[in-house]
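Given the structure is predicted, the values throughout are model-derived calculations rather than measurements.
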Amino acid sequence: MINILKIEGASMQPEYNHNDYIVAIKPILNMMIKKNKNVIFMHSSLGLLIKKISSVNSQKKVIYVKGNNSLSISQEMLGPIKFSQIKGFPLIHVKNKHKT
């Protein structure tokens with residue numbers, strides 16, 4: 001499945017900026033889940049987020065994630081993310097040309 005999502009916030013700058021758009025694909029295989037890949041997931045208390053995978057524990061089927069800059073919520077505060085919470089991976093990045 002393909003989704004179009006709007007980036008809100010600055011935690012993934014400079015890679016993704018506020019009001020950029022991404023086209024994302026739902027993971028087909030667990031093989032897609034790799035360290036340093038950007039991932040879209042549903043956090044239990046924070047909602048839909050995009051972060052970079054910092055580590056993968058395939059046995060427990062969880063990942064740990066982090067933002068690209070200091071404005072991001074810490075990896076410790078986000079905690080482990082279950083494979084089942086993963087909603088997709090960015091395929092196409094459409095940058096917002098207007099500064100907001």
For the atom pair [atom1] ([X]) and [atom2] ([Y]), what is the distance rounded to the nearest 0.5 Å?
X     : Y     : atom1 : atom2 : answer
Met42 : Ser84 : CE    : OG    : 12.0 Å
Lys87 : Asn3  : NZ    : CG    : 10.0 Å
Ser11 : Asn68 : OG    : CG    : 7.5 Å
Gln13 : Ser72 : CD    : OG    : 11.5 Å

Taking the side chain as every heavy atom from C-beta outward, state whether [X] and [Y] have any atom pair closer than 4.5 Å.
X     : Y     : answer
Ile33 : Ile53 : yes
Asn17 : Ile7  : no
Leu78 : Leu49 : yes
Ser54 : Gln75 : yes
Ile81 : Lys51 : no

Same hydrophobic cluster for [X] and [Y], using side-chain heavy-atom links shorter than 4.5 Å among ILVMFWY?
X     : Y     : value
Val23 : Phe89 : yes
Ile22 : Leu48 : yes
Leu91 : Ile50 : no
Tyr21 : Leu5  : no
Tyr64 : Met77 : no

Inspect the surroundings of [atom1] in [X] and state if more than 12 heavy atoms from other residues, nucleotides or ligands are less than 6.0 Å away.
X     : atom1 : answer
Lys66 : NZ    : no
Lys35 : NZ    : no
Phe83 : CZ    : yes

Exercise. With no hydrogens and no angle check, is any side-chain donor or acceptor of Gln85 less than 3.5 Å from a backbone partner on His43?
Worked result: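 Between the backbone of His43 and the side chain of Gln85 there is no qualifying donor-acceptor contact (under 3.5 Å).
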Give me the atom names and distance for the closest heavy-atom approach of [X] to [Y].
X     : Y     : value
Ala10 : Asn69 : O-ND2, 2.7 Å
His18 : Asn96 : O-ND2, 3.9 Å
Glu15 : Asn38 : OE2-ND2, 2.8 Å
Ala24 : Ile40 : CB-CD1, 3.4 Å
Met12 : Lys52 : CE-N, 4.0 Å

For this session: Dump the intermediate steps for side-chain hydrogen bond (donor to acceptor under 3.5 Å, both in side chains) on Lys6 and Asn19, then the final yes or no.
Result: CA-CA 6 Å; Lys6 184 177 181 180; Asn19 289 332; 3.3 Å; yes
